[in-house]
Amino acid sequence: MSVQQYDEIGEAFEGFKALPLTRYGEVPSFLGMVGDVSGKSVLDLACGTGFYSREFKRRGATDVLGVDISVEMIAAAREIDQRDPLGVRYEVGDVAELRPLDRRFDIALGVQCLNYAEDIAGMERMCRNIHRSLVPGGEFFVLAQKPDYGFDNPSLHKYGFLCEATDEEIETGPRGRVTALLDPQPITIISTAPRREVYEKCLQAAGFSAVEWVPLQVSEAGIRDFGEDFWADLLANPPLEMLRCRA
């Protein structure tokens, strides 16, 4: 998948986190799954503009390194850090060709990361590089498109997104078109939803164990602000899913 689509977004990517699906679904679900990071080191792969890198540094992580293939995304992350210094380190890098790092980390994050592998060999290479970068027993947390998302289900427009099938498929799974309904300019990204067994086999081949799928949830704040009925379509057919595993 070309990095160009992310280079063209830059800091506007931060706007995703204000949309209802992300603010009340993705972010609290992912933070809740990862849990307490106090005193731990965190490697944030495909970090984008550094949202989760900064969040986990604020939550007590001792050392956070964000890596992203997009030069523009890393530039935006560094600029945000200059405005509000937290001591997060950022570097440009391809997870499929990840350089040997100067340390092993307690936790690795892969938010919209593995699903950009062009083929199964590429995903397995990513997983091996991530496993190599973790301490024994370290944890890897993933968030990506739900493998069996139903594109023919009710629209996610009211949650801030459109998810459409492209009718294309690569070795890992079908591709989809995700549009974030940002004001004034929506942003569209093409990504892949790898099959469940592709994730599991690649992670296990790289040495990961205890692979567990974790469903997306809506936060108490989301229920309070919008009511339970508002979220019914999302929870019946969530476009995102998470998984966790151990090195």
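- Separating the CG atom in Leu143 from the OG atom in Ser29 is a distance of 8.0 Å, to the nearest 0.5 Å.
- Annotation: side chain of Glu26 is not in contact with side chain of Met242 (no heavy-atom distance under 4.5 Å).
- Residues Phe56 and Leu86 are members of one and the same hydrophobic cluster, defined by side-chain heavy-atom contacts under 4.5 angstrom among Ile, Leu, Val, Met, Phe, Trp and Tyr.
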Subject >> Residues Arg175, Ile170; criterion side chain to side chain contact (heavy atoms under 4.5 Å, CB included); working and verdict >> reply: CA-CA 7 Å; Arg175 278 185 168 159; Ile170 61 173; 3.8 Å; yes
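- With contacts defined as side-chain heavy-atom distances shorter than 4.5 Å, the pair Ile120/Cys202 qualifies.
- Using a 30° and 60° split on the angle between ring planes, Trp231 and Tyr159 fall in the parallel class, below 30°.
- Around the CD atom of Gln217, the shell of radius 6.0 Å holds no more than 12 heavy atoms that belong to other residues, nucleotides or ligands.
- Judged by distance alone, with hydrogens and angles left aside, the side-chain atoms of Arg54 form a donor-acceptor pair with the main-chain N or O of Thr49 at under 3.5 Å.
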Subject >> Worked check of side chain to side chain contact (heavy atoms under 4.5 Å, CB included) between Thr192 and Gln145 >> reply: CA-CA 7 Å; Thr192 306; Gln145 272 69 28; over 6 Å; no
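- By the 4.5 Å heavy-atom criterion applied to side chains, Leu182 and Leu19 are counted as neighbours.
- Closest approach of Cys47 and Ser53 over heavy atoms only: CB-OG, 3.9 Å.
- Closest of all the heavy-atom pairs between Ala144 and Asn115 is CB-OD1, 3.7 Å.
- Taking 4.0 Å as the cut-off between side-chain N and carboxylate O, Glu220 and Arg224 do not count as a salt-bridged pair.
- Looking at Asp68, its side chain never comes within 3.5 Å of a backbone N or O of Ile74 through a donor-acceptor pair.
- At least one donor-acceptor pair closer than 3.5 Å links the side chain of Ser41 to the backbone N or O of Asp106.
- Note that CD of Gln112 is 10.0 Å distant from CG of Leu114, once rounded to the nearest 0.5 Å.
- Between Leu98 and Arg132, some side-chain heavy-atom pair lies under the 4.5 Å cut-off.
- Taking the side chain as every heavy atom from C-beta outward, Thr22 and Phe161 approach each other to under 4.5 Å.
- Enclosure of atom CG in Asp229 is not indicated, since only 12 or fewer non-hydrogen atoms of other residues, nucleotides or ligands lie within 6.0 angstrom.
- Nearest heavy atom pair, residue Thr166 against residue Gly176, reads CG2-C, 3.7 Å.
- Counting only heavy atoms from C-beta outward, the side chains of Leu109 and Phe30 approach each other to under 4.5 Å.
- Neither side chain, Tyr90 nor Asp81, offers a donor N or O lying under 3.5 Å from an acceptor on the other.
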**OP:** Could you walk me through whether Met123 and Tyr199 pass the side chain to side chain contact (heavy atoms under 4.5 Å, CB included) test, one step at a time?
**Re:** CA-CA 8 Å; Met123 185 186 289; Tyr199 279 114; 4.1 Å; yes
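- By the criterion of side-chain heavy atoms lying less than 4.5 angstrom apart, applied directly or through intervening Ile, Leu, Val, Met, Phe, Trp or Tyr residues, Trp213 is not grouped with Leu234; the two fall into different hydrophobic clusters.
- When the side chains of ILVMFWY residues are joined at heavy-atom separations under 4.5 Å, either directly or via intervening members, Leu216 and Val111 end up in a single hydrophobic cluster.
- Relative to the ring axis of Phe105, Arg103 places its NZ or CZ within 45° and under 6.0 Å from the centre.
- The distance from atom CG of Leu162 to atom CZ of Phe151, rounded to the nearest 0.5 Å, is 11.5 Å.
- When atom types are taken as modelled, the side chain of Lys17 and the backbone of Val27 share no donor-acceptor pair closer than 3.5 angstrom.
- Proximity of a side-chain donor or acceptor of Arg246 to a complementary backbone N or O of Gly137 within less than 3.5 Å is detected.
- Residues Val92 and Leu101 do not share a hydrophobic cluster, defined by chaining ILVMFWY side chains whose heavy atoms lie under 4.5 Å apart.
- The closest side-chain heavy-atom distance from Glu169 to Pro174 is below 4.5 Å.
- Heavy atoms of other residues, nucleotides or ligands lying less than 6.0 angstrom from NZ of Lys201 number 12 at most.
- Outside the 6.0 Å centre-distance limit, the rings of Phe16 and Phe51 are not counted as a close aromatic pair.
- Of all heavy-atom pairs spanning Arg59 and Val37, the tightest one is O-CG2, 3.8 Å.
- Exactly one residue among Arg89, Arg104, Lys57 makes a salt bridge (charged side-chain N to carboxylate O under 4.0 Å, His left out) with Asp63. That residue is Arg89.
- In terms of hydrophobic clustering, with Ile, Leu, Val, Met, Phe, Trp and Tyr side chains grouped at heavy-atom distances under 4.5 Å, Tyr52 and Tyr24 are assigned to a common cluster.
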Subject >> Evaluation steps, side chain to side chain contact (heavy atoms under 4.5 Å, CB included), between Asp233 and Ser155 >> reply: CA-CA 8 Å; Asp233 290 338; Ser155 169; over 6 Å; no
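- Within the model, atoms CD of Glu164 and CG of Leu156 stand 10.5 Å from one another, a figure rounded to the nearest 0.5 Å.
- Note that CZ of Arg177 and CG of Asp167 are 9.0 Å apart. Values are rounded to the nearest 0.5 Å.
- Shown here for Pro239 and Leu21, the closest heavy-atom pair between the two residues is CG-CD2, 3.8 Å.
- Rounding to the nearest 0.5 Å places CG of Asn237 at 6.0 Å from NZ of Lys146.
- Counting heavy atoms from C-beta on, the side chains of Ile69 and Val95 never come closer than 4.5 Å.
- Arg125 has a carboxylate O that lies under 4.0 Å from a charged side-chain N of Glu97, or vice versa, which qualifies the two as a salt bridge.
- Nearest heavy-atom pair, Ser38 versus Asp36, reported as atom, atom and distance to 0.1 Å: OG-OD1, 2.8 Å.
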